[in-house]
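Structure, as structure tokens:
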Amino acid sequence: MATWIERLDGGSGPGPRVAVKDAIDVEGVPTTVGCAAVADVAEAATADADLVTNIRAGGGRIVGKANLHELCFSTAGTNPWFGNPVNPLAPDLLPGGSSSGSAVAVATGEADIGIGTDTGGSVRLPAACCGLVGLKTTWGRISLDGVWPLSPTLDTIGPLARDLDGVVEGMRLLEPGFDPSSTGAATVVGRVRGMAGVDVDPAMDADIDRFLAEAGFEVIEIELPSLAATGDPFAVVILTEGWTSDRHLMERAPERIGDDIRSRLQIASGFSRDLVPGAMEKVAAWKAEVRAIFERVELLAMPTLVEDPPPVGADGVPNPHVFPWNLAGVPALSMPVGERRPIPTSLQLIAPWGGEEVLCATAARLR
């Protein structure tokens, strides 16, 4: 049962089976956010989240509320209250978080599409860890009405599926009328080598270089000088906003919050709001740098993971290649490439704001 917090009868019919992360309201079902302090007092949601309304209108069948890392606040994907979703590719390794249950439900065939939130990689990391395709959408493109907040400056929604067709179908459920055929695939790709001081598994880099070359892209080596400086503003934003979102739980029932998340919130409580203006200046400079790069190339490409997921029990999956794109607010798609086992190399493609159609059209060319 660790994949799910609550199974639902999605009914019969031709529509896809959809696993919804239990940070998203589904009418008639409590939203627990994977946290005992929330579950203890949660009442059934009186309405669907906006995105769930769209899913149902498009024929999607909600088959369950999927497990997650508590309060969406870790990349590990484990949960002390509802059990640990098991990575089907390597049961001894982390499934990635925080949208772990949504990913595992899809990877094990219990759902056709998983819906997750992505604040610092929480769709793309589970997709990469479980051999799936995952899409983080442009900030603000998909309504967050009815979604438990972590960091409103960074929070986004996205679909996970076993292949690109499933992700496109997921986008059509989230946004009626979504149509990748309305735009062409990219031909000029900027190759980003990663963050200074962060070592990438050479086999992953080689897989991506080979894959891009075989696809026939014009590949331009790209330097992003501010990439290595995104960690500090990201920490300030997610911790100060995370404290605002969840401090009431620490004040009411800290003993009903898992040790790792309670520790993180304790750290967050000590972050001064005076740090926020400086952090947001750095975010604005980072967005300007990204905007300038997209005047030279159509997409950026880099590995999603820097190494295989760590063993179950580790603090989390390293995310230096994913959180900067939450700061920028741009869409990013992760997809498996290469023959590495048990965890295939995951290519991350990043597009300009509103570029989900180009991402999907380009990924279709790569299949």
Side-chain angles (χ1 to χ4, degrees), residues 3-6 8 18-55 62 64-82 85 96-103 105 114-123 125-126 136-137 139-160 174 237-254 256-258 260-262 264-265 268-269 323 326:
T3 302
W4 303 95
I5 288 179
E6 186 160 351
L8 302 172
V18 181
V20 175
K21 184 177 185 176
D22 194 25
I24 301 167
D25 286 349
V26 171
E27 184 178 3
V29 186
T31 297
T32 74
V33 209
C35 178
V38 178
D40 288 345
V41 297
E43 297 181 356
T46 57
D48 285 334
D50 284 355
L51 68 93
V52 174
T53 298
N54 285 347
I55 289 170
I62 310 299
K65 302 291 293 291
N67 201 355
L68 65 151
H69 204 107
E70 188 174 6
L71 297 175
C72 307
F73 213 170
S74 172
T75 61
T78 52
N79 191 294
W81 310 109
F82 296 96
S98 60
S99 306
S100 48
S102 298
I115 302 297
T117 63
D118 191 314
T119 303
S122 288
V123 164
L125 290 173
K136 168 211 156 347
T137 52
W139 182 84
R141 179 160 184 168
I142 305 298
S143 170
L144 292 170
D145 237 17
V147 179
W148 187 280
L150 173 56
S151 173
T153 298
L154 307 172
D155 293 342
T156 61
I157 292 293
L160 305 100
L174 292 169
V237 172
I238 196 170
L239 288 173
T240 55
E241 294 189 351
W243 178 244
T244 298
S245 296
D246 295 325
R247 66 179 297 170
H248 65 289
L249 302 175
M250 288 286 284
E251 292 165 353
R252 178 175 58 79
R256 298 290 282 165
I257 301 172
D260 63 330
I261 301 305
R262 186 170 62 251
R264 187 159 299 174
L265 287 169
S269 71
F323 74 76
N326 293 84

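The first residue in the sequence is number 1, and the count goes up from there.
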Beyond-backbone contact of [X] with [Y], side-chain heavy atoms, under 4.5 angstrom:
| X | Y | value |
| --- | --- | --- |
| Pro149 | Leu144 | no |
| Arg252 | Val41 | yes |
| Ile142 | Asn54 | no |
| Arg264 | Ser74 | yes |
| Thr119 | Cys72 | no |
| Ile5 | Leu68 | yes |
| Asp246 | Leu265 | yes |
| Asp22 | Phe82 | no |

For [X] and [Y], which heavy atoms make the closest approach, and how far apart are they?
| X | Y | value |
| --- | --- | --- |
| Gly120 | Leu125 | O-CD1, 4.5 Å |
| Ile157 | Ser143 | CG1-O, 4.4 Å |
| Ala105 | Trp4 | CB-CZ2, 3.7 Å |
| Ser122 | Ser98 | OG-N, 2.9 Å |
| Gly146 | Ala49 | O-CB, 3.6 Å |
| Ala103 | Pro126 | CB-CB, 3.6 Å |

Working to the nearest 0.5 Å, report the span between [atom1] of [X] and [atom2] of [Y].
| X | Y | atom1 | atom2 | answer |
| --- | --- | --- | --- | --- |
| Leu249 | Ile257 | CG | CD1 | 5.0 Å |
| Ser151 | Ile238 | OG | CD1 | 5.5 Å |
| Asp260 | Asn79 | CG | CG | 9.0 Å |
| Asp48 | Thr53 | CG | OG1 | 4.5 Å |
| Leu174 | Ile115 | CG | CD1 | 4.5 Å |
| Lys136 | Asp155 | NZ | CG | 10.0 Å |

(message) Around atom CD of Glu251, are there more than 12 heavy atoms from other residues, nucleotides or ligands closer than 6.0 Å?
(response) yes
(message) Is it the case that over 12 heavy atoms from other parts of the model lie below 6.0 angstrom from the CH2 atom of Trp243?
(response) yes
(request) Using atom types as modelled and distance alone, determine if a side-chain donor or acceptor of Glu70 lies under 3.5 Å from a backbone N or O of Gly258. (result) yes
(request) Verify, without hydrogens or angle tests, whether Asn326 (side chain) and Asp118 (backbone) share a donor-acceptor contact under 3.5 angstrom. (result) yes
(request) Give the intermediate values and the outcome of side chain to side chain contact (heavy atoms under 4.5 Å, CB included) for residues Ile55 and Ile62. (result) CA-CA 8 Å; Ile55 289 170; Ile62 310 299; 3.7 Å; yes
(message) Between Asn67 and Thr3, is there a side-chain donor-acceptor contact under 3.5 Å, judged purely by atom types and distance?
(response) no
(message) Less than 3.5 Å apart, any donor N or O on the side chain of Ser99 or Lys21 sitting next to an acceptor on the other?
(response) yes
(request) Report the C-alpha distance between Thr117 and Leu150 in whole Å, list the side-chain angles of each, state the deciding distance to 0.1 Å, and finish with yes or no for side chain to side chain contact (heavy atoms under 4.5 Å, CB included). (result) CA-CA 10 Å; Thr117 63; Leu150 173 56; over 6 Å; no
(request) Go through the steps to decide whether Val33 and Phe73 satisfy the test side chain to side chain contact (heavy atoms under 4.5 Å, CB included), and finish with yes or no. (result) CA-CA 10 Å; Val33 209; Phe73 213 170; over 6 Å; no
(request) Show your reasoning for whether side chain to side chain contact (heavy atoms under 4.5 Å, CB included) applies to His69 and Ile261. (result) CA-CA 9 Å; His69 204 107; Ile261 301 305; 3.8 Å; yes
(message) side chain to side chain donor-acceptor pair (under 3.5 Å) for Thr31 and Asp25? Distances and angles first, verdict last.
(response) CA-CA 6 Å; Thr31 297; Asp25 286 349; 2.7 Å; yes
